[in-house]
Structure formats: structure tokens, C-alpha cells
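Notes for the one structure printed next.
Quick caveat, the model's predicted, so the values are computed rather than measured. Reminder, nothing fancy here: chain letters follow the sequence lines and each chain counts from 1.
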Number of protein chains: 2
Amino acid sequence: MNEPRTTQGAAIIQALRQQLTSQALTGGSKLPAERELADLFDTTRITVKEALHHLEAEGLIYREERRGWFVSRPRLVYNPASRSHFHALVAAQQRVAATRVLSCESVLAPAELVSEMALAPLSRLTRICRLRSIDRRPVLYTEHYLIPEYFPDIGEQDLGQSLTGLYQRRYGLRYGRSRFDICPTAARGEAARSLSLAEGSPVLAITRINYDQQGRIIDCDREIWRHDAVRIRIDSQARAAAS
Amino acid sequence: MNEPRTTQGAAIIQALRQQLTSQALTGGSKLPAERELADLFDTTRITVKEALHHLEAEGLIYREERRGWFVSRPRLVYNPASRSHFHALVAAQQRVAATRVLSCESVLAPAELVSEMALAPLSRLTRICRLRSIDRRPVLYTEHYLIPEYFPDIGEQDLGQSLTGLYQRRYGLRYGRSRFDICPTAARGEAARSLSLAEGSPVLAITRINYDQQGRIIDCDREIWRHDAVRIRIDSQARAAAS
DNA sequence: GAGTGGTCTAGACCACCTT
DNA sequence: AGGTGGTCTAGACCACTCG
């Protein structure tokens, strides 16, 4: 097997992994403090911390800033190409969803969106920021950028519900095609704070540009998922022959 | 801006980020040694290392085991739903692709695939392991698990080319639908070694189950991408109305 | 106020890569 | 052989959370 020599760190990882997969530690529960683990394994906090980071990268545990380490729950299976509503999707997987609206305001279009959305320079967009939780744990930070002309009075609507549904009911807009990018990156700024993640923690960023049925761009949304909270699943049909 | 107090680590990150985005350090080049950076910023290796890990999570730099830190090149834009060949895809983005076949052998079906692929317990599958590079940097480790009945003599074929093309030309098999999962996780074992990643480094795992045009499962493939080397891009058409 | 993780110091030895 | 990152020691103080 060409097994690398077992380091102390690897031993800690293995011991914890076993506890985690054998359900001795179950979803949502808190791990002992780093200092306690260091005593337990007769080593230092730095070594323990390294081991915990490995398990975090695997998605078995997660951190909440200055609160401690917790056991991850199963990932939400999510298809960004389907238009299913977050609350319905979560409920279908026997979990409890919640949405909190963080802000809704008019902002100058960020530079990268000006070209992506084919806007005039210095355009204004309506930005809606929301934080979504599963089983009381915040897992998804979203920013929607709307073309304001299509969405008068959006600020007076209930934004805790599905925006897709609202677009259709209130504004008569239905999605046509959309394009999305999925990119593993690191949490920064507001997204990190809202998700109670340390700056630089790995996340999955999904950026989507939505067109209506006439092919006009109507909005763009950016989802920042905790990397251990989600698994993307997509069914695809056969295409034209490979090139 | 509610800026968190600037720590020493944050200062290092900012300084390096600036150098990286201003192209003072360009793709592929090597960063100074950790000890050198520690001197430069008048701090310890551990602090420097932490900062480097942040930039790694962002995808701006990457590590090669015991060789050093390097500046990332632009991510490959990849659509796993399209059947385009790796070499063609890479060439279209002005990069140079290479494929190395690591192994091709008959193995006992891994437990998780037995259920996923609806196999009889203790079935055997043909496993092909390959390592793919862009601009001489290994970025993608793949394992294909084939139903052996459909692929006689596969071991004698040239496996460095596109397997999709080979399936069709040699075996008359064409893909119908497929289902794929995209999951941010950590590198382990053979995949970590081949990609010269430390155990536990973040990667993007894409698992795909492929059906032929008659709806039979013909193979399953597992791609392990270096997390900073790829960006998934998918175009989707409108679906039936949201539930 | 006690406990937690976040950050940091100032070193050390080892395993591996490069020359 | 010399340089690199990988791992580790044995502490320290700070910022934040929670009861």
C-alpha cells in the first residue's frame, strides 16, 4: 500500500474519523475543546488544530468562530439547474429550512457584473442579501442583483420566500435559460461573517445569470455555500455527439 | 466597513494578494520559501503558513508537497455535462493538456458503487486510473469503473485518449443520460499522491454515472480536481415551472 | 468571569526534492 | 549536501461567546 509513516496528526485524524463515522459522535454535537483534545492525545494545540482542519476539509466537522468544532450533518443534495424552492428542497430531505433577509438596497453594479450582465457602466442594481439555514445552522449566503426596471417596489415584498415564485406572481417574469458557474473558493467579508466562518474558509460559490423567456437578462445571483453542507447533483440528457 | 482589526496574518495575506493580482508574480512562478517569507515579514513560519493556506483556499496559490508554493494559473472552465474531450477543451483555452495512464486492472467493485450502479455484490469492474495535466501541472486524477462485459480487451487499447471516443469507435457504445455529483471534499490516498497534494487538501470530486442510449449503466467515473484548477460552467434550459 | 478558538513566538527534527 | 516543506514542542496573550 505504500502507506506513509503514521504521524501523530494522522493518528488523531484516524481516531476522530472512526468516532465520527461510527456515529459515536452524531450530527450537530460539539467536539471537546482543542486544549482538551491536546491533553487527550498528549500533544499540542497546533497539532490538534491541524488534524481538525483535515477533517474540516473532508466535510466531517465544521467550525463556528470562537464557538468550537461541531459534527457535520449530511450534505443537502442540490440541483442548481432545477428551479425548486429552497424551503421545499430542504423539507423534501427531512430537514428544516429558514431564510433571513439581511438587506435590500440599490447599489452600484459591481465591476465584474457590468460585463457579465452586459450593463451600461455605472448602472445601478437592486441587491438582496439573504442568509439561509438548515436545521438552524446557517449554510448559504445569497446575493441577488436585479435589474431595477423589471422589479418596481421589490423592497415592499416579502423577500423571505422564494424569489423565483415572487418574480412570477408579482412581476410576471419567468425564467428561460440561465448560465451558472460553480467555483470552489474562500469565504470573505460579509459572506464569511454571516456564515460565521473564518476568513479564508473553503466555500462553494455558485454564480448564476438568469434570462427570461425572451432572452433578456433579468437578474444574477451569487450563492456562497459552506463547503461541507452541499452536494451538487445534476441529471443531464444526451447531447450532440462529442466533438 | 466594520473591518476586523488587522492582524499580522491579514497583513501578509494582503501584501501577497496585491503582488499576485498586480501580476508582479505571474502564473506558475514559485514563491519565496516559508522561512524567507517569515524573515521578510518579521514573523514565524507558522504565521506565514497560515496566510499561505488562506491564499491557497482562495485559489490564488497552490502547494506541491515539499517543493514549495506556486502562483496559480487561470482556472479551466469546464462543463461536465458536455461530452467535450479533455484535450480539445484545454486546447480551446490556449493551454496544453497531457494524459498519463496510471493503471488499468480488474478490481472488486467498491461498496459504494455496488449500490450506485445496481451491481450484484462482489461484482468485478475494470478500473482505469489516469492523471491529467494542464501546462505540465497535474490537475485532475480520474478513475473509471467499467462494466467488463461491455468492454472486452479494453486493456489493449490506447487509454491516453478520450475514453468517450474509444467507447464509441471500438465498442459502439454511446452515452445517453448521465447523472453527476459535484462535491467539495479532501484529497486522500492515491489521488492525493498523484496530484502531489498533501492529504486533506481541498479538492472537487465529480462522480458520474453514465447510461447508454438504452438506459443501461455502462460505467462510472470519478474525477478529483485540484480545487483551484477548475470552474464548472453549465448552461441550462428552462424547465417545467417551479413547484 | 470562565471558557473557547484566533493568533503568535522561537525554536526543533524529519522526510523528501533538487542539484 | 543543502534547501524545502511537514510536523511538532511548550508555551503566551487576545477577542469573543456564553452562562
Review point. Between CD1 of Ile232(A) and CZ of Arg75(A), what distance do you get to the nearest 0.5 Å?
Key: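 If I round to the nearest 0.5 Å, the distance is 10.0 Å.
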Review point. Taking only residues two or more places apart in sequence or in another chain, which ones pass side-chain contact (heavy atoms from CB on, under 4.5 Å) with Glu190(A)?
Key: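 Expected list: Tyr141(A), Arg193(A), Ser194(A).
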**Study point:** Side chains of Phe180(A) and Thr207(A) in contact at under 4.5 Å (non-hydrogen atoms)
**Key:**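 Phe180(A) does not reach Thr207(A) side chain to side chain.
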Review point. Are Tyr62(A) and Val71(A) side-chain neighbours, meaning at least one heavy-atom pair lies under 4.5 Å?
Key: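 In short, these two side chains do not touch, never coming nearer than 4.5 Å.
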Check your understanding: Mapping Leu31(B) and Arg67(A) to their closest nucleotides on DNA chain D, which lands nearer the 5' end?
Key ->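 Whichever sits nearer the 5' end wins; that is Leu31(B).
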What is the distance, to the nearest angstrom, from the [atom1] atom on [X] to the [atom2] atom on [N]?
| X | N | atom1 | atom2 | result |
| --- | --- | --- | --- | --- |
| Asp39(A) | dG3(C) | CG | P | 14 Å |
| Trp69(B) | dC17(C) | CH2 | P | 17 Å |
| Glu56(A) | dG5(C) | CD | C1' | 12 Å |
| Leu197(B) | dG6(D) | CG | P | 11 Å |
| Glu65(B) | dG3(D) | CD | P | 21 Å |
| Arg193(A) | dG6(C) | CZ | C1' | 16 Å |

Revision key, fill the gap. Protein-proximity profile, nucleotides 7-12 of chain D, B/S/- by nucleotide at the 4.0 Å heavy-atom cutoff, equals BBBB-B
Practice item. Quick one: closest heavy-atom pair of Cys220(B) and Leu113(B), and the distance? Key: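 Closest pair (atom of Cys220(B), atom of Leu113(B), distance): SG-CD2, 3.6 Å.
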**Study point:** Leu131(A) and its side chain to side chain contact (heavy atoms under 4.5 Å, CB included) partner, picked from Thr99(A), Thr142(A), Leu195(A)
**Key:**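 Only one of Thr99(A), Thr142(A), Leu195(A) forms a side chain to side chain contact (heavy atoms under 4.5 Å, CB included) with Leu131(A), namely Leu195(A).
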